[in-house]
Amino acid sequence: MMKFTFSLIAVVAAVVSAQEATIGGERPDDVPRSFNQILGDFEPEDFRFDFRLVPVESMGIGGLVQPLSLGNAPVLALGDVAITRFTLDPCGINLPHVHPRGTEIIFMFKGSNLRTVFAAENGGPVITNDITNDTSTFFPQGLLHYQQNMGCDTVAFVSKLNSADPGVQTATSNFFRLPIEQVAGSLDVSVERAVELRDGLPLNIVRANKDQGQCLKQCGL
């Protein structure tokens, strides 16, 4: 009986506290809100995404990246997911990168030959697959991975991550953000050469260069 009395007192105190906190129509940030209350902050159309209207993030010459995340679609926080549409031109490469806070699964809905690669942690295997239209694969959280269109037609796929804020770190550009002396030492080149490499980095999404001539040759590029 005593235990029940203390529990009842605690509940009443919590209700009174919540009522006092909302006097005057204000609600402090530390008062919990239900899912339905949060849902009421959005309109039905906020749950529909028209990728014809989603801004293009990529600045490279090999394709387009159109991401949806907390920054431009706050409603995704309700499902803790992020969605991105990719379009890769023939021989286009989505540069090697890492999502530090999310596992990624992709579904290819257009094209004939998309190469997908991810590398396990040091000493682990490198997993390579070629997928086609109506095929899916995934990349575990935190592992380095990339995609390349190995065909001569346009590839399009949708990426879904299990975090509304998965983050992205492009391997090459982030490596060259480190102090240039350490970059040069890691590559066993001079600082001058490291600066040249840094300043010549391509923007994502890239297209295969002349050293990847097989794809360029077969596509007449």
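Numbers for residues simply follow the sequence, beginning at 1.
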Donor-acceptor pair, side chain of [X] and main chain of [Y], under 3.5 angstrom:
X: Thr135; Y: Ile131; value: no
X: Asp134; Y: Met108; value: no
X: Gln141; Y: Pro100; value: yes
X: Thr103; Y: Pro140; value: no
X: Asn162; Y: Gly102; value: no

(request) I would like to know whether Thr137 and Ile105 meet side chain to side chain contact (heavy atoms under 4.5 Å, CB included); could you show each step before the answer? (result) CA-CA 6 Å; Thr137 189; Ile105 185 167; over 6 Å; no
Under a 4.5 Å cut-off applied to non-hydrogen side-chain atoms, are [X] and [Y] in contact?
X: Leu161; Y: His99; answer: yes
X: Arg101; Y: Asp165; answer: yes
X: Val117; Y: Ile127; answer: no
X: Pro44; Y: Asp46; answer: no
X: Phe47; Y: Leu76; answer: no
X: Glu104; Y: His97; answer: yes
X: Val54; Y: Asp50; answer: no
X: Ile106; Y: Phe86; answer: no

(request) For Thr154 and Leu88, run side chain to side chain contact (heavy atoms under 4.5 Å, CB included): C-alpha distance rounded to whole Å, both residues' side-chain angles, the deciding distance at 0.1 Å, then the answer. (result) CA-CA 6 Å; Thr154 299; Leu88 300 187; over 6 Å; no
Rounded at 0.5 Å granularity, tell me how far [atom1] in [X] sits from [atom2] in [Y].
X: Gln218; Y: Cys91; atom1: CD; atom2: SG; value: 6.5 Å
X: Asn174; Y: Gln169; atom1: CG; atom2: CD; value: 5.0 Å
X: Asn72; Y: Glu57; atom1: CG; atom2: CD; value: 9.0 Å
X: Glu181; Y: Ser190; atom1: CD; atom2: OG; value: 11.5 Å

(request) Count the heavy atoms of every other residue, nucleotide or ligand shown that sit under 6.0 Å from CD of Glu45, and state whether that count exceeds 12. (result) yes
(message) Does atom CG (Asp188) have a neighbourhood of more than 12 heavy atoms from anything else shown, all under 6.0 Å?
(response) no
(request) Answer yes or no for Cys152 and Cys219: SG-SG distance under 2.5 Å. (result) yes
(request) Please say which of Val155, Ile93, Ile205, Leu114 ends up in a side chain to side chain contact (heavy atoms under 4.5 Å, CB included) with Gln147. (result) Leu114
(request) Using the side chain to side chain contact (heavy atoms under 4.5 Å, CB included) rule, pick out the option among Val183, Leu201, Thr170 that qualifies with Phe175. (result) Val183
(request) Determine, step by step, whether Leu78 and Phe35 satisfy the side chain to side chain contact (heavy atoms under 4.5 Å, CB included) criterion, reporting the C-alpha distance in whole Å, the side-chain angles of both residues, the deciding distance to 0.1 Å, and the verdict. (result) CA-CA 8 Å; Leu78 291 176; Phe35 179 83; 3.9 Å; yes
Spell out, yes or no, whether [X] and [Y] are grouped together once hydrophobic residues are joined by side-chain heavy atoms under 4.5 Å, including indirect joins.
X: Phe176; Y: Val206; value: no
X: Ile83; Y: Val65; value: no
X: Leu203; Y: Ile61; value: no
X: Val56; Y: Phe49; value: no
X: Tyr146; Y: Phe107; value: no

Measure across [X] and [Y] and return the closest heavy-atom pair with its distance rounded to 0.1 Å.
X: Arg85; Y: Ala156; answer: NH2-CB, 4.2 Å
X: Lys110; Y: Asn133; answer: N-OD1, 3.4 Å
X: Gln148; Y: Ala208; answer: NE2-CB, 3.8 Å
X: Ala171; Y: Leu144; answer: CB-CD1, 3.7 Å
X: Asp89; Y: Gly63; answer: OD2-N, 3.7 Å
X: Ser34; Y: Gln37; answer: N-OE1, 2.8 Å

(request) Over 60° means perpendicular and under 30° means parallel, so classify the ring planes of His145 and Phe139, tilted if in between. (result) parallel
(message) Could you check whether Asn113 and Asn149, counting side-chain N and O atoms only, form a donor-acceptor pair closer than 3.5 Å?
(response) no
(request) Compute whether any side-chain donor of one residue and acceptor of the other, for Ser112 and Asp153, lie under 3.5 angstrom apart. (result) yes
(request) Apply the test side chain to side chain contact (heavy atoms under 4.5 Å, CB included) to residues Phe51 and Leu68: give CA-CA distance (whole Å), side-chain angles for both, the deciding distance (0.1 Å), then the verdict. (result) CA-CA 9 Å; Phe51 277 97; Leu68 283 173; 3.6 Å; yes
